[in-house]
A.B. asks: 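There's a structure below that I have some questions on.
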Amino acid sequence: MNINDIQCAHACRNTCAKLSDALHKEAELAHFYETLVGECDYPEINSFLREFSEEHRAFVTRLMGKLNEMKARSQMLDGIMASFDPAGC
């Protein structure tokens with residue numbers, strides 16, 4: 001993937017397509033490194049690969065947190081907007 005191929009749709013509401021893409025890629029990388037850790041029996045390299053795996057898992061956790069934050073904010077705003085909807089009275 002080339003950085004020029006990444007284009008934001010600018011249509012975020014309760015999620016972000018690009019953050020979702022990043023989440024997917026980071027999860028794939030974490031799994032890749034976990035697989036390598038399971039295959040490698042050289043201690044120094046195993047430890048090095050384990051660190052990569054843990055870093056990518058941390059990225060996954062941060063991305064999930066941000067996406068959940070966006071969803072919660074969107075739901076809160078939907079609730080506020082609904083309270084002003086005259087059809088709901």
Side-chain angles (χ1 to χ4, degrees):
M1 176 186 294
N2 185 335
I3 192 71
N4 295 327
D5 296 336
I6 300 172
Q7 294 181 353
C8 183
H10 301 287
C12 299
R13 175 104 176 101
N14 61 355
T15 189
C16 174
K18 294 302 143 188
L19 282 184
S20 295
D21 289 347
L23 174 63
H24 180 71
K25 297 244 185 269
E26 287 296 334
E28 284 179 349
L29 284 169
H31 179 70
F32 172 75
Y33 286 116
E34 288 167 359
T35 301
L36 292 179
V37 166
E39 294 293 321
C40 180
D41 56 2
Y42 190 76
E44 182 181 347
I45 301 302
N46 185 287
S47 175
F48 181 74
L49 293 171
R50 188 176 306 281
E51 286 178 30
F52 270 31
S53 174
E54 290 170 1
E55 288 173 13
H56 286 285
R57 284 288 166 210
F59 289 142
V60 167
T61 301
R62 289 181 65 196
L63 287 165
M64 287 172 60
K66 181 52 78 175
L67 287 167
N68 287 337
E69 184 182 308
M70 289 181 71
K71 185 175 182 177
R73 186 178 307 127
S74 176
Q75 289 173 342
M76 181 183 67
L77 291 174
D78 286 347
I80 292 170
M81 293 299 287
S83 70
F84 291 105
D85 184 11
C89 293

A.B. asks: Enter the distance from Lys25:NZ to Ser20:OG here, rounded to the nearest 0.5 Å.
C.D. replies: 12.5 Å

A.B. asks: Do side-chain atoms of Ser53 reach the backbone of Leu49 as a donor and acceptor pair under 3.5 angstrom?
C.D. replies: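 No; zero donor-acceptor contacts below 3.5 Å.
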
A.B. asks: Working to the nearest 0.5 angstrom, can you tell me the gap between Leu63 CG and Lys18 NZ?
C.D. replies: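 Leu63 atom CG to Lys18 atom NZ measures 13.5 Å (nearest 0.5 Å).
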
A.B. asks: Could you walk me through whether Glu54 and Arg57 pass the salt bridge (charged side-chain N to carboxylate O under 4.0 Å, His left out) check?
C.D. replies: CA-CA 5 Å; Glu54 290 170 1; Arg57 284 288 166 210; over 6 Å; no

A.B. asks: In Å, rounded to the nearest 0.5 Å, how long is the span from CZ of Arg50 to CG of Asn46?
C.D. replies: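 Arg50 CZ to Asn46 CG: 5.0 Å, rounded to 0.5 Å.
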
A.B. asks: Please verify the inter-ring angle class for His56 with Phe59; under 30° counts as parallel, over 60° as perpendicular, anything in between as tilted.
C.D. replies: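 Ring orientation, 0 to 90° scale: perpendicular.
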
A.B. asks: Measuring from Leu36:CG to His31:NE2, what's the distance to the nearest 0.5 Å?
C.D. replies: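 These two atoms lie 10.0 Å from each other.
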
A.B. asks: For Asn68, enumerate each residue passing the side chain to side chain donor-acceptor pair (under 3.5 Å) test, keeping only those at least two apart in sequence or located in another chain.
C.D. replies: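 In terms of side chain to side chain donor-acceptor pair (under 3.5 Å), with neighbours along the sequence ignored, Asn68 is linked to no residue.
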
A.B. asks: With a 3.5 Å distance limit and no angle check, can you tell me whether Ser47 reaches the backbone of Glu44 through a side-chain donor-acceptor pair?
C.D. replies: no

A.B. asks: Hey, any chance Val60 and Val37 share a hydrophobic cluster, counting ILVMFWY side chains that come within less than 4.5 Å of each other, even indirectly?
C.D. replies: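 As far as the 4.5 Å side-chain criterion goes, Val37 and Val60 are not connected within one cluster.
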
A.B. asks: When clusters are formed by joining ILVMFWY residues with side-chain heavy atoms under 4.5 Å apart, either directly or through shared neighbours, do Leu23 and Leu29 land in the same one?
C.D. replies: no

